Amino acid sequence: MQAQRLEKQRVGATAKEQWNSQSVKNPHSAAHYGIYVFKPDLPAAAIDPGLTPFTGQSLWLEPHKRNLTRFNPSADDVLANRFGQAGSSFVLYALLPLLIVALSFNSVSQERERGTLRMLHSLGVTPLALLFGKLSGLLAAFWLVMSPAVLLAALTLAGQFDLTADDLMRLSLLLVGLVAYYTIFAALSIAASAYFRTSRNTLFCLLGFWMGSVFVAPRLGAAIGDVVAPNPSASQFWDAIKTDIAQGLPGDGSKQQREKAFEAQVLAQYGVAGKEQLPVGFVSLNRQFNDIYSSKVHQLHFDWLRDNFAKQQQLAQLAGWLGPSLALRSLSMAIAGTDLAHQRDFEDAAEDYRRYFIDLTEEWDRERSRGTERSAKAEETDLRGVRDFAYAVPTVGYSLRASLLPLTLLSAWLCAALWLLAQSARRLQP
């Protein structure tokens, strides 16, 4: 993770240095050289990479067009490698709950089968105290075993990253979410063990719940999102943008009509009869006018697409009623800064920067040209005047606001699991 982070920084610095060291050329031609920008990774992303393998590593910023992120790592993986991957996030949300199920599925049913439950009942141990005592003991033993791994992970992150207060808060919240998640599985496992008469039935029931939570719910949620809010194909998306630029949005007129009206406005503003007499470069003025309209159209389509992604995500998260795994995954991605909301925030910041350096180069070109002719001074441009791209990841408060639904679902599952455990205690019979 740290190596990937450093590589992004090195490539980003190299790309900007290549921009600065371009040969002498027209400012607009220099702008077409473009700039690569990279989304910084938070330390918590080492625990949950989230959408990072699928959203691309960088954004290519260039005139006239807004791009999607490029070079997603998943595109380089063969199908066999994808099935063989088991990262830290998969271990946390899939394998460790299965370990809890294996440890607790017979915690009560086995005592009933051996007759020790009747002995405990005769000693005056109340069912409520017995079940919640088992829950406390199971969680204490589980976290005692896991504490070396947690400590090692904390030391590794501290050694590789300069952890800020926000990073520590994110890691703490992620740990709290995992505690709640494992408590849900532990409470449900003990409740099921108390409810079913045999350990075999308890195990079958818990394995079914585990599979439904970890594997079925995410795929069912994704399928619901695709059906209810389908995305356009790539060709449809870009064709719609081209059409709206050429034909214009409702009430704006076609590209030719907009350019004709703009030319008349500029001539009236400067009080000249023809564009050849303008004291500034008309080619740059017209190009910037078209770029502003193009950015407007791109913004509308990109916002619609990302709003549709968010709608799909919300529909998918509703499948969290099948189990808490989907809620935890959504929450951990938000805390790690690897979810859709953080990706959108980065893309918006990159788009603001693209507009900044395109407008700046157009301003240089416009001020050093006259009318429809390009002045020789237009070739003398110090491209180092374009400031570096600087992006700060939003604070943890942004993450929590972006994950209210999964946070609510996870809390509801925790309350439901503890309630079921209490109900099982009331119905427990030796």
Side-chain angles (χ1 to χ4, degrees), residues 91-147 150 175-218 220 319-329 331 406-430:
V91 173
L92 292 173
Y93 80 81
L95 298 186
L96 290 182
L98 186 60
L99 175 62
I100 291 176
V101 169
L103 292 174
S104 57
F105 78 95
N106 60 353
S107 57
V108 180
S109 57
Q110 188 176 54
E111 292 192 7
R112 182 188 293 112
E113 293 167 352
R114 293 179 176 179
T116 54
L117 184 61
R118 190 183 303 274
M119 296 175 58
L120 292 173
H121 183 71
S122 65
L123 293 175
V125 179
T126 63
L128 190 65
L130 176 64
L131 296 190
F132 276 88
K134 286 182 175 293
L135 175 64
S136 301
L138 173 63
L139 291 175
F142 176 80
W143 284 110
L144 181 63
V145 173
M146 292 297 301
S147 57
V150 173
L175 181 60
V176 171
L178 290 173
V179 170
Y181 180 62
Y182 297 143
T183 301
I184 293 170
F185 273 92
L188 290 177
S189 298
I190 296 173
S193 183
Y195 178 80
F196 292 102
R197 304 298 300 181
T198 64
S199 300
R200 177 182 299 177
N201 291 340
T202 303
L203 181 59
F204 286 159
C205 176
L206 291 175
L207 287 179
F209 174 75
W210 174 79
M211 292 186 64
S213 176
V214 174
F215 297 108
V216 177
L220 178 61
W321 61 269
L322 288 176
S325 301
L326 186 57
L328 176 76
R329 292 177 65 182
L331 180 61
L407 186 60
T408 301
L409 286 173
L410 189 65
S411 300
W413 267 107
L414 179 60
C415 294
L418 295 177
W419 179 81
L420 286 175
L421 184 61
Q423 290 297 110
S424 297
R426 293 189 182 95
R427 300 179 182 180
L428 181 62
Q429 298 293 331

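In what follows, residues are counted from 1 in the order of the sequence shown. All of these numbers come straight from a predicted model, not from anything done at the bench.
For Trp321 against Trp413, the heavy-atom pair with the smallest separation is O-CZ2, 3.0 Å.
With contacts defined as side-chain heavy-atom distances shorter than 4.5 Å, the pair Leu135/Leu418 qualifies. Residues Leu99 and Phe142 are in side-chain contact: their nearest non-hydrogen atoms beyond the backbone lie under 4.5 Å apart. Inter-residue side-chain proximity for Leu203 and Asn106 is flagged as unmet; no heavy-atom pair is nearer than 4.5 Å. At a threshold of 4.5 Å between non-hydrogen side-chain atoms, the residues Lys134 and Leu130 count as touching.
Separating the CG atom in Leu421 from the OG atom in Ser189 is a distance of 10.5 Å, to the nearest 0.5 Å. To the nearest 0.5 Å, atoms OG (Ser325) and CE (Met211) are separated by 12.0 Å.
One N or O on the side chain of Ser147 and one on the backbone of Leu144 form a donor-acceptor pair closer than 3.5 Å.
By the 6.0 Å contact criterion, CE on Met146 is enclosed, its count of non-hydrogen atoms from other residues, nucleotides or ligands being greater than 12. No more than 12 heavy atoms of other residues, nucleotides or ligands shown are found within 6.0 angstrom of OH on Tyr195. Counting non-hydrogen atoms of other residues, nucleotides and ligands closer than 6.0 Å to CZ of Phe204 gives a total of 12 or fewer.
Relative ring orientation between Tyr182 and Trp143 is described as tilted, the plane-to-plane angle lying within the 30° to 60° band.
Across Leu188, Leu131, Ile190, a single residue satisfies side-chain contact (heavy atoms from CB on, under 4.5 Å) together with Ser424, and that is Leu131.
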